[in-house]
Amino acid sequence: MALGFFNTYSRALEEFSPRDPPNVSIYTCGPTVYSNAHIGNFRAYIFEDLLQRHLETRGFKVHRVMNITDVDDKTIRGAREAKISLTDFTEPFKRRFFEDLETLRIKPANEYPGATEPRYLARMIEMIAELIKSDLAYQAEDKSVYFRINKFPNYGKLAHLNLEELRPTGRVRSDEYEKENIGDFALWKAWDEADGEVAWDSPWGRGRPGWHIECSAMATTLLGDQLDIHCGGVDNIFPHHEAEIAQSEGVTGKKFVRYWMHCAHLLVDNQKMSKSLGNFYTLRDVIAKGYSGREVRYALLRVHYRAPLNFTFEGMEESRQALARINKWLERLRETSGSASPEEQRAPVPNNDFQQALDDDLNISGALGVLFESIRETNRAMDANELGPAAAKAWLQWWDGINQVLALDAAETLALPPEIEALAEARRLARLAKNWQKSDELRKDLNARGWEVRDTKDGQKITRRVGPEP
RNA sequence: GGCGGGGUAGCCAAGUGGUAAGGUCGCGGUCUGCAAAACCGCUAUUCGCGGGUUCGAUUCCCGCCCCCGCCUCCA
């Protein structure tokens, strides 16, 4: 079928067509910068990266916005505990978040609006005023402003929840009895002592914005009243995205989002990550165990976004080996493409199957299946000496195309360090003299130093052993 | 209790109304002085369980079981 995605709103696979082709607007919920982001967060961001990259290979021009939540209960508490200003507290986490995105080869969004930026605060206040005017919001006795969900008939449609059957979970703050309805959510939170210095003026008194209004304001400011795609983790469906719809449509009167896409959770050892279970990992934790950003990217990318992904270090090893296979294949293709063999006898056979698999709701497993089948096929042809330079070049071009989406190209081969070069030369001489014992010792030595030795008909080849890139 | 997602080989994971992609691991082989890499072969008579529809179901329908998540500020 043509390009299609599973829309959370309709619970169905829908053919994709943006409002204003070839332009596509995407809004993705970004991090709250109160700590380093964990690998579960990055699973979502990698899914969004895959989405963007695939849309781009299909000729769309993507405009993507990712917000940064730099004010909420957790950031305020963190700043207070550290006895520094809110900005001083969030800034390092923000910086590290961007570093992590780069480590994972995630394409930068076009904009990263922050909730505390004046232009968005102004827009939030404007929207809240609008909602009050149309009776969709009210100021309660505690001075906070709440959205009146009973006045918005579509509230609950995205999550398919029956509001009468909501079960209180104890996470409802006890002081929220001021609300007309338990489901009403805060648009503007009146200042209280725990907020310390953190407050902005508004027509309803000093306070700070609620979490949900932040996204509605930034999304409509930067992308207009109607978005093509809005993504996030499944846990954002309710209440966050439900609230976004209510607020945005309450103000604009237009359908807010055409395609809602949500990715399933990451599990670690089959359980939700939690610090008490000791299975909580930030990206930095995994990198510190010796894995590269590329390896983590592959591990988080290889499972379909709507299926739960179980993260294990066994899975990291698998990823490492699979990538090593790709590396060696590419290396071999490059050598073949550069060789001076006679002209091609056979037309190259690259195909679009990879992209077609992704057209089907980003079926990455199917797409990777195409890649690995092609790898085996071409390796077989190279073994049989049936694949010449022109075909090798064609396959490398094919790889460039799919790598626009995967972003899994290997680092350039490095020059050997002098001591490795010396060992390699010693081994070459030993082999020339058929001194196998010495040759094997030197190979062992090279292995121990992190280098792999392969003897081919063109002499020995020394490469980095699989593992983190230097 | 309500609403979702998932249950396919040791592990990870596609898929179709007609008889199971791919990755990884393991074993055997080709190649090699030996290896490594690559390639070849083997590894699910079977797709959570029980019914039903059908010439035929893992795929459609019904019932059930298990895992995970959401149910008011977690991606």
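All chains are named by letter (A, B, ...) in the order of the sequence lines, taking the proteins before the strands, and each is independently numbered beginning at 1.
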Which nucleotide in the set B:A37, B:C74, B:C3 lies at the smallest distance from any side-chain heavy atom of A:R454?
B:A37
What's the verdict on side chain to side chain donor-acceptor pair (under 3.5 Å) for A:Q460 and A:R427, showing C-alpha distance, side-chain angles and the deciding distance?
CA-CA 9 Å; A:Q460 61 180 359; A:R427 183 164 183 274; 2.6 Å; yes
Does a side-chain N or O of A:K74 approach OP1 or OP2 of B:C74 to a distance below 4.0 Å, or not?
yes
Closest to the A:E452 side chain: B:C39, B:A36, B:A35?
B:A36
Among B:C39, B:C34, B:C71, which nucleotide sits nearest the side chain of A:F238?
B:C71
Under 4.0 Å from OP1 or OP2 of B:G4: is there any side-chain N or O of A:R11 that close?
yes
Please confirm whether the shortest side-chain N or O distance from A:N363 to OP1 or OP2 of B:A14 is below 4.0 Å.
no
Using the C1' atom on both, measure B:C62 against B:U54 and round to a whole Å.
16 Å
For nucleotides B:G29 and B:G56, find the distance between their P atoms and express it as a whole number of Å.
45 Å
Side chain to side chain donor-acceptor pair (under 3.5 Å) between A:T103 and A:D100, worked out
CA-CA 5 Å; A:T103 300; A:D100 288 352; 4.7 Å; no
Suppose you measure atom P in B:U59 against the same atom in B:G23; what distance do you get, rounded to whole Å?
26 Å
Full working for salt bridge (charged side-chain N to carboxylate O under 4.0 Å, His left out) between A:D195 and A:R206:
CA-CA 11 Å; A:D195 293 345; A:R206 281 170 75 69; over 6 Å; no
Kindly assign one of parallel, tilted or perpendicular to the pair A:F97 and A:F42, based on the angle between their ring planes and the thresholds 30° and 60°.
parallel
Within this structure, what is the NE2-to-P distance between A:H160 and B:U72, rounded to whole angstrom?
18 Å
Report the distance from atom CG of A:L267 to atom P of B:G7, rounded to the nearest whole Å.
13 Å
Atom C1', compared across B:C67 and B:U8: separation rounded to whole Å
15 Å
Using the side-chain heavy atoms of A:R380, tell me which of these nucleotides is nearest: B:C39, B:A38, B:C12.
B:C39
List the protein contact pattern of nucleotides 17-25 of chain B with one symbol per nucleotide (5' to 3'): B for base contact, S for sugar-phosphate-only contact, - for none; contact means a heavy-atom distance under 4.0 Å.
----BSBSS
Within the structure shown, what part of the strands sits under 4.0 Å from A:D72 by heavy-atom distance: base, sugar-phosphate, or nothing?
nothing
So, do A:D70 and A:L86 sit near enough that their side-chain heavy atoms are less than 4.5 Å apart?
no
Ion pair A:R208/A:D73, N-O distance below 4.0 Å
yes
So if I take every side-chain heavy atom of A:P308 and compare against B:C74, B:G5, B:G33, which nucleotide ends up nearest?
B:G5
Applying the Watson-Crick and G-U criteria (both distances under 3.5 angstrom) with [ ] for crossing and | for other-strand pairs, one obtains for RNA chain B (((((((..(((.....[...))).(((((.......))))).....(((((..]....))))))))))))....
Expressed as a whole number of angstroms, how long is the span from A:L362:CG to B:G15:P?
12 Å
Under 4.0 Å between a side-chain N or O of A:N310 and OP1 or OP2 of B:C68?
no
Between A:E48 and A:S439, just flag the one whose closest nucleotide in RNA chain B comes earlier from the 5' side.
A:S439
Just the rounded figure in Å: distance from C1' of B:G6 to CZ of A:R43.
12 Å
Okay, side chain of A:N110, backbone of A:V65: is any donor-acceptor separation there less than 3.5 Å?
no
Whole angstroms only, please: what is the CD-P distance between A:E377 and B:A38?
16 Å
Donor-acceptor side-chain pairing of A:N67 and A:Y120 below 3.5 angstrom:
no
Could you tell me how far B:A9 sits from B:C49 if I compare only their P atoms? Round to whole Å.
10 Å
Would you measure the distance from the P atom in B:A36 across to the matching atom in B:U24 and give it in whole Å?
16 Å
Please report, rounded to the nearest Å, how far the P atom of B:A36 is from the CZ atom of A:R431.
14 Å
Which of parallel (below 30°), tilted (30 to 60°) and perpendicular (above 60°) describes A:Y281 and A:F311?
tilted
Between B:U53 and B:C11, how far apart are the two C1' atoms, rounded to whole Å?
36 Å
Could you tell me whether A:G315 contacts a base, only the sugar-phosphate backbone, or nothing, with contacts defined as non-hydrogen atoms closer than 4.0 Å?
nothing
Using the P atom in both, what is the distance from B:A20 to B:A44, to the nearest Å?
12 Å
Show the nearest heavy-atom pair for residues A:A137 and A:V145, with the distance to one decimal.
CB-CG1, 4.2 Å
Just wondering, do A:E331 and A:T463 contact through their side chains at under 4.5 Å, heavy atoms?
yes
For a quick check of understanding: with a heavy-atom distance under 4.0 Å over all strands, which category does A:L371 fall into, base, sugar-phosphate or nothing?
nothing
Under 3.5 Å donor-acceptor pair, A:D455 side-chain atoms to B:C34 base atoms
yes
Quick one: A:F354 CZ to B:A14 P, roughly how many Å, whole number?
15 Å
Heavy atoms only, 4.0 Å cut-off, all strands: where does A:H304 land among base, sugar-phosphate and nothing?
sugar-phosphate
Would you tell me whether A:W395 and A:S374 have side-chain atoms, one donor and one acceptor, within less than 3.5 Å of each other?
no
Comparing A:N379 with A:T456, nearest RNA chain B nucleotide closer to 5' gives the residue A:T456
A:N279 CG - B:C68 P separation (whole Å)
13 Å
Which of B:A37, B:G5, B:G33 is nearest the side chain of A:K328? It is B:A37
